[in-house]
Amino acid sequence: MTMPHVDGVTHRTVQAGDLRVHLAEVGPEDAPPVLLLHGWPQHWYEWRGLVPQLSGSHRLLMPDLRGLGWTEVTENGYEKENLARDQIALLDALGVEQVDLIGHDWGGYAGFLMCLLAPERVRRYVAANVTHPWPKASARGLLNMWRMAYQVPMLAPVLGPRVTRKRGFVKLVLNGAKRGVFSDAELETFEAPYREPERARATAKYYRSFQLHDMPLLLRGHWRAYRLTTPTLLLLGTGDFAIPPSLIAGYEPYADDMRVQFVPGTGHFVVDAEPELVGRRALEFFEDR
C-alpha cells in the first residue's frame, strides 16, 4: 500500500503498550496537542482536510486505530473500551499528559470512553457523527434498530472479511453516505488497506465485538455508572442514515457540559464533507475557556 501524502505530515511507528501504532503527526512539537481518532472504513488520512487549519497552532497526533490503516493487526482487543485504552497507552508512550480530542465513528465512540475512563487525559472533546454511550430506551429507539442492519454482512468470521475485501465494497460504503464527497483517488486510498486479508478480518472483529460485547454493555446501562465531565461538542451531519438526530437524546443526565450542533446537508462523513466547518468549530471550542 502506498502511504497517502499530506504536506508537512510525518509518519512513525510507536510501541504503545502491546500494540505497534502507526502515527501520523504534524505541527509544532511544543504546541497544544490534539489527538484525532478516525472511524471505519478510513484511517489517519480522514483528517487531511483539518491539517491546514489546525497544524499551525496545534500539534496533531493522528494514529491509525488497532488493526486499521498501518497499525498492527492483533487477534483480540477490538472492544471499544480497549480502543480507548490504546490511546491512553499511546499518550503515555509519547509523554503527553493531556490532549484536546477529535473523534469520528468508531474513533468517536472510543473517544467518549476515553473521556469516561481517563477524564484527566482529555481537556475538551469534539465528537462527529457517533452515538454517545447513553442511548435512550424508547419505542422509537427500538424501531430504529433496523438501521444497524448494514453491519450484518461484516460480522461473520468467514463471510465478513470476504465482503470487506471485495473490490468496490468500501467505495460503495463511502459513496453511499453522500455521493460526491470523495474523489476517486480518495476512495482508492481508503479502500486499498481493506483489501488486505488481515485488515478485512480486523473489520469483522470491530463489528462482531460491537454486537457481542459493546452493545450488551449499552443495553445493560453499563456506562450510566460513569459521568462525562469533559466539555464535549457533538457535531452531527443530519443526513446520517445510521445515526438520525432523533437517536441523540439521552445523554443529558450523564454529561456536565455536552453541546450538540447539527450540520445540515451532510451525512455520516461530515469531516470529509465539511472539513473547514469542522476545523473552525473545533478551534472555537478548544479556545472557549
Side-chain angles (χ1 to χ4, degrees), residues 1 3-4 11-25 33-47 60-94 96 99 101-118 121-122 125 127-131 133 151 154-157 160-161 163-165 170 173 189-218 271:
M1 296 185 299
M3 183 71 70
H11 302 269
R12 58 172 162 149
T13 298
V14 178
Q15 188 68 41
D18 63 354
L19 183 69
R20 294 191 305 275
V21 175
H22 167 250
L23 177 66
E25 54 191 325
V34 180
L35 179 66
L36 301 98
L37 305 179
H38 67 85
W40 186 90
Q42 297 184 281
H43 42 66
W44 73 270
Y45 192 62
E46 174 177 354
W47 308 113
L60 305 187
L61 306 171
M62 303 173 286
D64 287 333
L65 298 182
R66 179 181 290 258
L68 305 184
W70 285 261
T71 286
E72 179 185 9
V73 178
T74 59
E75 185 65 27
N76 300 301
Y78 296 92
E79 299 82 5
K80 307 311 168 288
E81 68 267 31
N82 199 56
L83 300 185
R85 294 188 181 101
D86 287 344
Q87 310 317 314
I88 297 166
L90 175 63
L91 296 185
D92 289 344
L94 296 173
V96 175
V99 294
L101 177 63
I102 303 176
H104 170 244
D105 190 79
W106 286 133
Y109 192 69
F112 270 116
L113 301 190
M114 185 177 174
C115 292
L116 298 181
L117 295 170
R121 307 303 294 268
V122 184
Y125 178 37
N129 278 78
V130 63
T131 55
Q151 297 183 9
M154 296 181 284
L155 294 173
V163 171
T164 303
R165 288 180 62 198
V170 166
V173 171
T189 294
F190 287 124
E191 180 173 276
Y194 295 99
R195 292 200 290 265
E196 294 187 351
E198 62 176 1
R199 300 201 183 276
R201 287 194 292 271
T203 289
K205 292 175 182 179
Y206 266 81
Y207 286 95
R208 195 158 61 249
S209 67
F210 176 70
Q211 295 290 338
L212 299 179
H213 175 83
D214 303 312
M215 184 176 283
L217 287 185
L218 287 174
V271 176

Approximate separation, where rounding is to 0.5 Å, of [X] [atom1] and [Y] [atom2]:
X      : Y      : atom1 : atom2 : result
Leu35  : Leu91  : CG    : CG    : 5.5 Å
Asp92  : Arg85  : CG    : CZ    : 13.0 Å
Thr131 : Tyr109 : OG1   : OH    : 6.5 Å
Arg208 : Gln211 : CZ    : CD    : 11.0 Å
Leu37  : Leu65  : CG    : CG    : 6.0 Å

Problem set entry | Partners passing side-chain contact (heavy atoms from CB on, under 4.5 Å) against Pro33 (at least two apart in sequence or in another chain) |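 Scan of Pro33 (side-chain contact (heavy atoms from CB on, under 4.5 Å), adjacent residues dropped) gives Leu61, Val96, Val99.
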Exercise. Mind checking what makes side-chain contact (heavy atoms from CB on, under 4.5 Å) contact with Thr74, not counting sequence neighbours?
Worked result: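 Counting only residues at least two positions away or on another chain, Thr74 forms a side-chain contact (heavy atoms from CB on, under 4.5 Å) with Leu19, Arg66, Glu72, Tyr78.
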Would you check if the side chain of [X] reaches a backbone N or O of [Y] as a donor-acceptor pair within less than 3.5 Å?
X     : Y      : result
Gln15 : Gly17  : yes
Thr71 : Gly67  : no
Gln87 : Gly111 : no

For this session: Give the ring-plane orientation class for His43 versus Tyr45, where under 30° counts as parallel, over 60° as perpendicular and anything between as tilted.
Result: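 Answer is tilted, since the angle falls between 30° and 60°.
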For this session: Kindly indicate, with the supporting measurements, whether the criterion side-chain contact (heavy atoms from CB on, under 4.5 Å) is fulfilled by Asp214 and Glu81.
Result: CA-CA 8 Å; Asp214 303 312; Glu81 68 267 31; 3.7 Å; yes
Shortest non-hydrogen contact between [X] and [Y], atoms and distance:
X      : Y      : result
Ala84  : Ala110 : CB-O, 3.5 Å
Asn82  : Gly77  : ND2-O, 2.9 Å
Ala127 : Val130 : CB-CG1, 4.0 Å
Lys205 : Glu75  : NZ-O, 3.0 Å
Leu23  : Pro63  : CD1-N, 3.7 Å
Arg199 : Pro193 : CB-O, 3.4 Å

I want to know whether [X] and [Y] have ring centres closer than 6.0 Å.
X      : Y      : value
Tyr125 : Phe112 : yes
His38  : His104 : no
His11  : Trp44  : yes

For this session: Could you give me the CA-CA distance, side-chain angles and deciding distance for Trp40 and Phe210, then say whether ring-ring contact (aromatic ring centres under 6.0 Å, His included) is met?
Result: CA-CA 13 Å; Trp40 186 90; Phe210 176 70; over 10 Å; no
Exercise. Is any side-chain heavy atom of Met215 closer than 4.5 Å to a side-chain heavy atom of Leu217?
Worked result: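 No. Closest side-chain heavy atoms not under 4.5 Å.
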Problem set entry | Test item: Asn129 and Asp105 side chains (from C-beta on) under 4.5 Å apart, heavy atoms |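 Answer no - side chains too far apart.
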Exercise. Between Leu101 and Val34, is a side-chain contact (heavy atoms from CB on, under 4.5 Å) present by the stated rule, with each step listed?
Worked result: CA-CA 6 Å; Leu101 177 63; Val34 180; over 6 Å; no
Problem set entry | Stepwise salt bridge (Lys or Arg N to Asp or Glu O under 4.0 Å) test for Asp86 and Lys80 | CA-CA 10 Å; Asp86 287 344; Lys80 307 311 168 288; over 6 Å; no
For this session: Step by step, work out the side-chain contact (heavy atoms from CB on, under 4.5 Å) result for Thr13 and Trp70.
Result: CA-CA 9 Å; Thr13 298; Trp70 285 261; over 6 Å; no
For this session: Return yes if a side-chain donor-acceptor contact under 3.5 Å exists between His22 and Asp64, otherwise no.
Result: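 Note: His22 and Asp64 side chains meet the donor-acceptor criterion.
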For this session: Show the numbers, then the answer: is there a side-chain contact (heavy atoms from CB on, under 4.5 Å) between Leu113 and Leu83?
Result: CA-CA 9 Å; Leu113 301 190; Leu83 300 185; over 6 Å; no
